[in-house]
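Since the structure comes first, as structure tokens, the remarks are kept for the end.
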Amino acid sequence: MNPVVQALGRRLRLAVIGGGPGSFIGPVHRTAAKLDDRFEIVAGVLSSDSVRSRQAAADVGIPNERAYADWRKLLDAESWRSDGADVVAVMTPNDSHHAICAEALAHDFDLICDKPLATTLADAVDLVHRVRASGRIFCLTHNYTAYPMVRQARDMVAAGTIGEVRQIQLAYVQGHNATLVEADAAQRSWRFEPERCGTSLVLGDIGTHAHHLGAFVSGLELEEVLAELWASVPGRTSDDAANVLMRWSGGARGAMWVTNAAAGGVHGLAFRIFGAKGGLEWHQERPNELYHRQHGDAERIITRRLHGVLTPSAERAARIEVGHPEGYQEAFANLYKDVAEVIAARRGGRPCDPLALDFPTVEDGARGLAMIEACVASARSGQWTRARVEL
């Protein structure tokens with residue numbers, strides 16, 4: 001039986017803010033929410049333009065009376081309804097995340113928020129405190145950690161399979177900004193506006209994903225960085241590339257290369273983590289394969305649905321039988337499935353499946369902002385800079 005319906009007698013009611021016409025991430029969130037039948041989307045604000053918002057809401061099946069003109073009206077109205085939303089999903093530009101999430105917490109909603117958590121570390125830490133004080137559930141959608149093979153790698157590291165972690169290499173190499181796309185007003189994104197995006201375009205957009213992937217799999221915290229950020233495309237004023245040397249807790253060292261301006265690059269998210277006994281390697285463009293190399297032994301490729309080999313958390317995240325590909329959308333849905341079960345269990349006064357607690361949290365979001373601010377400061381000073389934040 002659906003564990004959410006079992007706990008509550010119904011599906012969780014979800015309100016969505018952002019992700020309307022022209023958005024890539026909006027349909028991803030809405031599809032992920034419905035894939036496992038844990039949520040029903042009941043309300044929304046899908047555009048800052050009230051007319052477009054109502055039309056977009058109608059297009060996705062939201063009733064007209066619950067298609068709101070702005071997010072404040074949504075939070076006020078839904079908090080008073082007897083059938084009001086339980087959870088709010090935020091997929092707006094970065095500069096609005098803090099205000100929306102803070103107000104949603106004040107109205108007693110659980111939250112699912114797109115990354116990055118905020119545009120400043122101060123705002124991110126403020127949200128950590130607000131979430132803790134509220135007792136609400138907060139999921140940050142670093143969805144790559146919901147791939148089966150990523151969870152498998154995390155569990156293998158934790159079990160000591162590769163020994164003490166010594167080196168962490170991270171990469172996220174895209175090419176959609178390899179030309180001066182922002183020169184065309186029709187293509188210019190809010191991501192090229194620092195007041196909306198934050199202090200670093202490339203780190204806020206994709207660097208936070210690479211950093212979180214390294215932290216999730218290794219189980220370590222980033223301590224210090226020595227960073228170089230630059231605009232590789234002539235005429236660009238926002239950074240589109242970063243090289244970062246990293247010092248992690250426990251003495252591990254590593255590096256991160258992220259760019260969205262590598263001509264010909266497609267996606268290129270990957271990690272290589274090496275310990276005292278061996279290493280693990282994963283590429284998001286080949287998501288169903290995890291490479292395990294043990295010192296002095298042959299390479300092994302671990303794939304989905306290897307029963308008796310995969311860990312319980314990897315098994316939970318795997319959906320489709322071997323031979324059929326699964327990837328980005330399913331990983332996103334894994335986060336929605338996990339957080340739904342945790343919210344429903346708490347609201348229903350029942351214990352939740354411990355495996356459902358794998359989703360990224362508000363604390364992960366704050367660590368991502370600490371990484372960004374440390375890299376920006378390091379790039380300016382040319383010095384190693386502390387990246388660890390006490391929460």
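A salt bridge is defined here as a Lys NZ or Arg NE, NH1 or NH2 lying under 4.0 Å from an Asp or Glu carboxylate O, and Arg10 with Asp86 meets this definition. For the pair Arg388 and Glu221, the salt-bridge criterion is met [side-chain N within less than 4.0 Å of a carboxylate O]. In this structure, Glu363 pairs ionically with Arg132, as a charged nitrogen and a carboxylate oxygen lie closer than 4.0 Å. Salt bridge Arg319/Glu330: absent, no basic N to carboxylate O contact under 4.0 Å. Between Arg346 and Asp110 a salt bridge is recorded (basic side-chain N to carboxylate O distance below 4.0 Å). Ion pairing between Arg38 and Asp338 fails under the 4.0 Å rule for side-chain N and carboxylate O.
Under a 3.5 Å cut-off, the side chain of Glu373 and the backbone N or O of Leu121 do form a donor-acceptor pair.
In the hydrophobic cluster analysis, where Ile, Leu, Val, Met, Phe, Trp and Tyr join through side-chain heavy atoms closer than 4.5 angstrom, Leu12 is grouped apart from Val42. In the hydrophobic clustering of this structure, Val28 groups with Val87; members are Ile, Leu, Val, Met, Phe, Trp, Tyr whose side-chain heavy atoms approach within less than 4.5 Å, directly or through other members. Each of Val173 and Tyr147 belongs to its own hydrophobic cluster when Ile, Leu, Val, Met, Phe, Trp and Tyr are linked at side-chain heavy-atom distances under 4.5 angstrom.
If you run side chain to side chain donor-acceptor pair (under 3.5 Å) between Ser232 and each of Thr259, Asp240, Asn177, only Asp240 comes through. Evaluated for a side chain to side chain contact (heavy atoms under 4.5 Å, CB included) with Ile137, the options Leu111, Ile112, Thr361, Val339 yield exactly one hit, Val339.
Cation-pi geometry between Arg247 and Trp384 is met: under 6.0 angstrom from the ring centre, within 45 degrees of the axis.
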Side chains of residues 194-207: which donor-acceptor partners sit under 3.5 Å, not counting sequence neighbours?
residue : atom : partner : partner atom : Å
Ser200  : OG   : Leu203  : N            : 3.1
Ser200  : OG   : Asp239  : OD1          : 3.2
Ser200  : OG   : Asp239  : OD2          : 3.0

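Leu180 forms part of a hydrophobic cluster together with Val233, judged by ILVMFWY side-chain heavy-atom separations under 4.5 Å.
Here Thr208 pairs with nothing under the side chain to side chain donor-acceptor pair (under 3.5 Å) rule; sequence neighbours left out. Among residues two or more places apart in sequence or in another chain, the ring pair (Phe, Tyr, Trp, His ring centres under 6.0 Å) test is passed with His29 by Phe332, Tyr336. Qualifying side chain to side chain donor-acceptor pair (under 3.5 Å) partners for Asp59, counting only residues two or more places apart in sequence or in other chains: Gln55. Remark: Thr141 engages Asp114 in a side chain to side chain donor-acceptor pair (under 3.5 Å) (not counting sequence neighbours).
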Run the salt bridge (charged side-chain N to carboxylate O under 4.0 Å, His left out) check on Arg72 and Glu103 step by step: do they pass?
-> CA-CA 8 Å; Arg72 290 181 177 84; Glu103 193 64 24; over 6 Å; no

For the pair Trp257 and Tyr172, evaluate ring-ring contact (aromatic ring centres under 6.0 Å, His included) and give the outcome as yes or no after the intermediate values.
-> CA-CA 7 Å; Trp257 170 37; Tyr172 203 158; over 10 Å; no

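Aromatic ring orientation, His212 versus Phe216: tilted (interplanar angle from 30° to 60°).
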